[in-house]
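First the structure, in the form of structure tokens, and then the observations on it.
As the structure is a computational prediction, the values presented were derived from the model and not from experiment.
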Amino acid sequence: MAEVATDQLQVWVDQDLCTGDGLCVQYAPEVFEFDIDGLAYVKGVDGELRMAPGSRVDVPEHLRLEVIDSAKECPGDCIHVVRGDGVEVAGPDAEED
């Protein structure tokens, strides 16, 4: 997991799979938020939700573990955390350790 500490990470939510459970919002409310449709979305540093499908935001360094944990614990398997080179480090397409 050493690469996680050095690479910039991005995260996105697949709303088609979102169950609205809210674990991600509990783990990292600075990154995830519910919209009125009851689904989770990522939000930028400006606090604005990124509504377009597949929209990615940078993961703040101090929230990396929370965002990775939210992807691992998500019951809908809809949170994707990717490195700058496109490799998914947490989420449904991540390589298992």
Side-chain angles (χ1 to χ4, degrees):
M1 278 282 232
E3 72 272 4
V4 174
T6 56
D7 284 345
Q8 176 61 50
L9 300 178
Q10 289 191 316
V11 62
W12 63 280
V13 175
D14 183 346
Q15 282 78 28
D16 290 339
L17 299 176
C18 181
T19 60
D21 191 83
L23 281 177
C24 59
V25 177
Q26 292 175 17
Y27 274 109
E30 292 174 55
V31 177
F32 303 103
E33 187 174 313
F34 284 126
D35 195 32
I36 57 171
D37 61 7
L39 302 177
Y41 292 84
V42 291
K43 58 183 177 179
V45 292
D46 57 3
E48 291 294 316
L49 295 186
R50 303 300 191 246
M51 304 297 289
S55 292
R56 297 179 178 193
V57 297
D58 291 336
V59 176
E61 193 165 332
H62 68 284
L63 291 175
R64 285 183 176 182
L65 290 177
E66 289 84 349
V67 170
I68 289 170
D69 284 346
S70 69
K72 290 180 176 178
E73 300 296 325
C74 176
D77 278 335
C78 66
I79 300 170
H80 300 264
V81 182
V82 294
R83 293 191 318 224
D85 61 4
V87 173
E88 187 157 314
V89 296
D93 299 329
E95 295 288 324
E96 292 298 320
D97 293 348

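- Sorted by first and then second residue, the ring-ring contact (aromatic ring centres under 6.0 Å, His included) pairs with a member in residues 20-55 form an empty list; sequence neighbours excluded.
- Residues passing the side-chain contact (heavy atoms from CB on, under 4.5 Å) test with Val57, sequence neighbours excluded: Val11, Val31, Val42, Arg50.
- Distance CG/Leu63 to CD1/Ile68: 11.0 Å, rounded to 0.5 Å.
- In this structure, Leu9 and Val89 have side chains that are in contact, with non-hydrogen atoms separated by less than 4.5 Å.
- Contacts classified as ring-ring contact (aromatic ring centres under 6.0 Å, His included) and involving residues 47-73 (residues at least two apart or in different chains) are not found.
- Once rounded to the nearest 0.5 Å, the distance linking CG of Leu49 with CG of Leu39 reads 11.5 Å.
- Put simply, CD1 on Ile79 and CD on Glu73 are 10.0 Å apart, with the number rounded to the nearest 0.5 Å.
- For Asp16, the side-chain contact (heavy atoms from CB on, under 4.5 Å) criterion is met by Asp14, not counting sequence neighbours.
- Of all non-hydrogen atoms in Pro92 and Asp77, the two that sit nearest each other are CG-O, 3.1 Å.
- Residues meeting the salt bridge (Lys or Arg N to Asp or Glu O under 4.0 Å) test with Glu33, sequence neighbours left out: Lys43.
- Shortest non-hydrogen contact noted between Asp58 and Gln10 is OD1-NE2, 3.1 Å.
- Side-chain atoms of Gln15 and Cys78, non-hydrogen and from C-beta on, never get closer than 4.5 Å to each other.
- Looking at every heavy atom in both residues, Ala71 comes nearest to Ala90 through CB-CB, 3.8 Å.
- In this view, Pro29 satisfies the side-chain contact (heavy atoms from CB on, under 4.5 Å) rule with no residue, not counting sequence neighbours.
- Proximity of a side-chain donor or acceptor of Gln8 to a complementary backbone N or O of Arg83 within less than 3.5 Å is not detected.
- Rounding to the nearest 0.5 Å gives a distance of 9.0 Å between NZ of Lys72 and CG of Leu65.
- The number of heavy atoms from other shown groups lying within 6.0 Å of CD (Glu88) is above 12.
- Closest approach of Val13 and Ala40 over heavy atoms only: CG1-O, 3.4 Å.
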